[in-house]
Amino acid sequence: MGLGATAILFCMLLDPVFLQTLEQQDLPTVAGIPSLNMKFDSWRMELSWDCKENTTYLECVMIHKDKGPIEITPQEKECHCKFSDYSLHDGVTLMVKVNSTQRPIPETLVYTNAGGEGTAAQNFSCFIYNANFMNCSWAKGQAAPDDVQYFLYIRDSRKKRERECPCYIEDSGTHVGCHLEDLSGLASYNYFLVNGTSQGTGIQFFDSVLSWKKIEIFSPPNNISVHCTRSHCLIQWEKPKTRHNLPNWEFKYQLDIQKQIEVSGNWENNYNFPSPEPRAKHTVKIRASDARIEKWGAWSQAVEFGSSRLKGYSRRFHASKTNG
Ligand SMILES: *[C@@H]1O[C@H](CO)[C@@H](O)[C@H](O)[C@H]1NC(C)=O
Ligand SMILES: *[C@@H]1O[C@H](CO)[C@@H](O)[C@H](O)[C@H]1NC(C)=O
Ligand SMILES: *[C@@H]1O[C@H](CO)[C@@H](O)[C@H](O)[C@H]1NC(C)=O
Ligand SMILES: *[C@@H]1O[C@H](CO)[C@@H](O)[C@H](O)[C@H]1NC(C)=O
Ligand SMILES: *[C@@H]1O[C@H](CO)[C@@H](O)[C@H](O)[C@H]1NC(C)=O
Ligand SMILES: *[C@@H]1O[C@H](CO)[C@@H](O)[C@H](O)[C@H]1NC(C)=O
């Protein structure tokens, strides 16, 4: 018991990079080159090392499980490399290739996700809705202890603005989600980190790089109107309000007029179809999606049109906001 407890405590006190540096000292050092004492700042994605006199550094490499090797050439005389954002929760191997007289010699740092297996937040996802809001959610890891607490940090890919979740969604006191109402400073790509604490166990982190374009869910189209003539009905709408002003061709729509019709956003946000009089009462609902990544938003409220007794029947409807 005594030994186990000491070992656990030891893991908690040491950050993963420091642990790895200790491990590294057991490896045979490369002849002629003193250890570079590499450090990796995972939040900034920055690898740094002790500068050595008369040494040039040829390349930094991050070996990523999914992305493979990512190579960066450091500036001359500089002893650090800044990587763009990658998820690190599966661990990465980092290398600096040092120029020596014989051949480039790599020095390696293995960065691992310290903490108990299965303690990290799982099923993490986020979505942007109503153009200005974002909700993220996750679940407690299967092996996470009862007293686990999770924290969400978000940083834009230019590493300019970082923040902790301002408003957590809780389940019996455990943070399992986040609601954001201020999306200013979010870039096209953003780095999300869920780390955690517990009294007894180290908690692994989960991280992910998400593009806002992929996670935005569109509100229903606005101002749906229907104008019918003797033979046709023209349904018109306005594209939904989105986080960034997107061109029409970035949208597609579904119209539910009893049967479902898909319409490209490329045209004038309208759909004209034969519907000769006398015309029974119809309803139409519309929803929108990104044209390339299929992810349908909510349906608009149904708009009624058509009546066999009226000529040139027309109706305008102002769709209301769904969420706020
Ligand atoms: C670095 O190079 C300079 C000039 O070539 C030399 O005088 C100096 O001794 C070198 N330093 C080391 C630590 O090798
Ligand atoms: C590597 O170092 C040697 C001298 O030690 C130098 O001549 C050579 O240009 C260097 N190569 C690079 C790519 O910096
Ligand atoms: C996480 O997602 C998987 C697959 O979608 C599902 O089977 C599992 O029940 C989810 N776990 C939790 C805790 O929500
Ligand atoms: C987002 O989260 C907030 C806070 O829990 C909640 O009130 C709101 O309904 C959620 N929005 C959506 C679209 O799920
Ligand atoms: C989680 O990560 C953030 C951002 O790097 C850091 O400030 C915070 O101390 C970390 N929290 C824990 C519990 O590791
Ligand atoms: C709906 O249309 C009216 C008039 O055409 C316009 O004033 C209003 O801003 C539109 N509403 C939305 C949400 O676009």
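We count ligands from 1, going down the list as the structure has it; atoms in each ligand are counted the same way.
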Check: Charged N to carboxylate O below 4.0 Å: is that the case for Lys97 and Glu71?
Finding: no
Check: Does the gap between the ring centers of Phe305 and His282 come in under 6.0 Å?
Finding: yes
Check: With hydrogens left out, which residues have an atom under 4.0 Å from ligand 5, given that only heavy atoms count?
Finding: Trp43, Tyr153, Leu193, Asn195, Gly196, Thr197
Item checked: Cationic N near anionic O, under 4.0 Å, Glu250 to Arg292 -> yes
Next item on the list: For the pair Phe151 and His175, name the ring-plane relationship: parallel under 30°, tilted 30 to 60°, perpendicular over 60°.
Entry: perpendicular
Notebook entry, point to check: Between Arg155 and Asp85, is there a side-chain N and carboxylate O pair less than 4.0 Å apart?
Noted result: yes
Next item on the list: Please check if the side chain of Lys239 supplies one atom and the backbone of Ala288 the other of a donor-acceptor pair under 3.5 Å.
Entry: no
Notebook entry, point to check: Minimum heavy-atom separation for Met38 to Leu109, with atom names?
Noted result: CE-CB, 3.8 Å
Next item on the list: Report the part of Phe133 in contact with ligand 4, treating N, CA, C, O as backbone and CB onward as side chain, heavy atoms under 4.0 Å; options are side chain, backbone, both, neither.
Entry: neither
Notebook entry, point to check: Short N/O distance, under 3.5 Å, between Gln122 and ligand 3?
Noted result: no
